[in-house]
S.K.: 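Here it is, the structure, as structure tokens.
Order of the sequence lines sets the chain letters (A, B, ...), proteins ahead of strands, with each chain counted from 1.
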Number of protein chains: 2
Amino acid sequence: MNRSDREITPDGSTKSVSITQQVYEALRDKILIGQMEPGARLKVESLKSMLDSGASPIREALSLLTSDQLVERLDQRGFRVAEVSGAQFDEILRLRCALEEMALRESIARADNAWEDRLVLAHHRMVRTPRENTSAFEEQHKSFHQELISACNSPILVKFCDQLYDLNIRYRFLAGKTKSYPSRDVSKEHADILAAAVDRDADAATEALLTHYRKTGQFLADQFEDHGIAPA
Amino acid sequence: MNRSDREITPDGSTKSVSITQQVYEALRDKILIGQMEPGARLKVESLKSMLDSGASPIREALSLLTSDQLVERLDQRGFRVAEVSGAQFDEILRLRCALEEMALRESIARADNAWEDRLVLAHHRMVRTPRENTSAFEEQHKSFHQELISACNSPILVKFCDQLYDLNIRYRFLAGKTKSYPSRDVSKEHADILAAAVDRDADAATEALLTHYRKTGQFLADQFEDHGIAPA
DNA sequence: AATTTTAAAAATATCGACAAATATAAGTTT
DNA sequence: AAACTTATATTTGTCGATATTTTTAAAATT
């Protein structure tokens, strides 16, 4: 990587992106999709060659990931990929339900047409992205959930939800690429959330959202037993 | 600073603490107490001489503070102290009330004697520390509030509360060193919280805690007008 | 044989120097 | 005089080298 790498912004212009940023995103993705296993040591030397950069950007990126709770730091003894546990999975699920309920209710209370438009658009983009294209679908799926709470007028809360979303993703990948959700229509769950939100029906939207999370949670927890993660 | 600086651990042994860690804490304190003003640029060169260290630990510490939302990063244009606003102050207050209520109720539900002991001890240490000794009192005050929620069995939630606590501290210092809280007995508020918690009375404890936060919030918001922070 | 000591190897944390980018100031044109 | 260029000065972001610390392995001691 070198700093002349450029990124295309939505308005067509280009701006340089720091290597730190690139390393941060690359590393985060690898951890989220499970390419770097929980507990694995993150040696700066290895990462240097793997990501083709110097030590400084790597250390900075690792510092950021530490705050995201995706990496653990042992003072004077380096970094390692954060561990996972059934207990943490439960905690994440519980917290997400609590925080997203707050955020969603507030978002609906402050809803305007611009928000409704963004939401419909995000949903449509998710629907038209084939599930097989995992990374593209994940991106759209995340956007949809972000838009839902985007009108809550509470940036810190949004940040917390975002962090929990990422922490949760790891467990989805850890559960393994299962063919499809049996006896479950995820698309309908999303459509229900959207419909209730557009209706400004806070109770129904919250109900639909939390059901969506809890169903996914239950499904994943069942998978974990086959993947060495003990239930809480 | 040099890496031979050592820190005495509770058990009497010493262990070396990385410069990054020292820089992180020094910088965080300076930001929290308002010694580095909101919006001020954080030039690595200046910080190098101020803190007597190299650029790497400074950058790493700044990266960590970015995640704490105490520092803002502008890609390719360095770091600066995060801005403050009446709106953010309100957001922090609202979020603290919501999250700490969750955490406190769960903590009380899971309470055991060890927790009760830690809590009584933390309260006593706070009481015996003179308010004039600001930094020592702040430390004990923070410990007391941490112990309150320490039994909630939700490390991520605790971390969020901790972050919000620090964000809030800044506003306390920004409001200025006011002689004393008029018509308010803060010590009694703390005692009430402690008593309700020891009684395992979740409703009373929550009530006392949130009242404590809201009274402080109202008091601070009144001060802000004299310090250039517009109400939300 | 288990523990402690010593020595070598590996890895982390840090520094100082440099290249790339941004901000500032001076000069030029409209 | 305002707006655009150009040149200069800062400052950021990055790299490669080095000093410290931790880990591993071997040797010595109990």
S.K.: Does C:dA11 have OP1 or OP2 sitting under 4.0 Å from an N or O in the side chain of A:R77?
M.R.: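 No, A:R77 has no side-chain N/O under 4.0 Å of OP1/OP2 on C:dA11.
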S.K.: Any idea which of C:dC15, D:dC15, C:dA11 is nearest the B:S56 side chain?
M.R.: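 Selected nucleotide (nearest to the side chain): C:dC15.
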S.K.: Is the phosphate of C:dT12, meaning OP1 or OP2, less than 4.0 Å from a side-chain N or O of B:S18?
M.R.: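 Looking at the OP1 and OP2 atoms of C:dT12, neither is under 4.0 Å from any side-chain N or O of B:S18.
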S.K.: Are A:V71 and A:R80 packed together at the side-chain level, in the sense that at least one heavy-atom pair is separated by less than 4.5 angstrom?
M.R.: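 With C-beta onward as the side chain, the pair stays apart.
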S.K.: Output the rounded distance in Å from CZ (B:R41) to P (D:dT10).
M.R.: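 One finds 13 Å between P of D:dT10 and CZ of B:R41, rounded.
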S.K.: Rounded off to whole Å, could you give me the CG-to-P distance for the A:D75 and C:dA11 pair?
M.R.: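 It works out to 19 Å between those atoms.
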S.K.: Going by ring-ring contact (aromatic ring centres under 6.0 Å, His included), name the residues that satisfy it together with A:F144, two or more places apart in sequence or in a different chain.
M.R.: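 Testing A:F144 for ring-ring contact (aromatic ring centres under 6.0 Å, His included), a comparison that skips the adjacent residues, returns A:H123, A:H190.
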S.K.: Starting from P on C:dC15, measure out to CD on B:Q22 and report it in whole angstrom.
M.R.: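 Going from CD in B:Q22 over to P in C:dC15 covers 10 Å.
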S.K.: Report yes if a side-chain nitrogen or oxygen of A:R73 is closer than 4.0 Å to either non-bridging phosphate oxygen (OP1 or OP2) of C:dT12; otherwise report no.
M.R.: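 A:R73 to C:dT12 OP1/OP2: no side-chain N or O under 4.0 Å.
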S.K.: Taking the side chain as every heavy atom from C-beta outward, state whether A:T66 and A:E72 have any pair of such atoms under 4.5 Å apart.
M.R.: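 A side-chain contact under 4.5 Å is absent here.
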S.K.: Can you identify which nucleotide, out of C:dT12, D:dC15, C:dA21, has its nearest atom closest to the B:Q76 side chain?
M.R.: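 My answer, after comparing the listed nucleotides, is C:dA21.
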S.K.: For the residue pair A:N168 and A:Y213, establish whether any side-chain heavy-atom pair is separated by less than 4.5 Å.
M.R.: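 Contact flag for A:N168/A:Y213 side chains = no.
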S.K.: With respect to the side chain of A:T20, which nucleotide from D:dT23, C:dA11, D:dT14 is positioned closest?
M.R.: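 Selected nucleotide (nearest to the side chain): D:dT14.
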S.K.: Measure CD/B:E45 against C1'/D:dT10 and give the value in whole Å, please.
M.R.: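 Taking atom C1' of D:dT10 as the reference, CD of B:E45 is at 10 Å.
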S.K.: Rounded to whole Å, please give me the gap between CD1 in B:I19 and P in C:dT12.
M.R.: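 After rounding, the reported distance stands at 17 Å.
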S.K.: How many whole angstroms separate atom CD1 of B:I58 from atom P of C:dG16?
M.R.: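 Distance check: B:I58 CD1 to C:dG16 P gives 12 Å.
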S.K.: Tell me, do B:I149 and B:E106 make a side-chain contact under 4.5 Å, heavy atoms counted?
M.R.: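 No; the side chains remain at least 4.5 Å from each other.
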S.K.: In terms of the nearest nucleotide of DNA chain D, which residue is placed more toward the 5' end: A:K48 or B:L42?
M.R.: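 Checking each residue's closest nucleotide, the 5'-ward one belongs to B:L42.
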S.K.: Tell me which nucleotide among C:dT12, D:dC15, D:dT12 gets nearest to the side chain of B:K43.
M.R.: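 The closest nucleotide is D:dT12.
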S.K.: Just the rounded figure in Å: distance from P of C:dA11 to CG of A:L74.
M.R.: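 Distance check: A:L74 CG to C:dA11 P gives 16 Å.
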S.K.: Could you state the CZ-P distance from A:R80 to C:dT12, rounded to the nearest angstrom?
M.R.: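 My rounded result for the distance is 10 Å.
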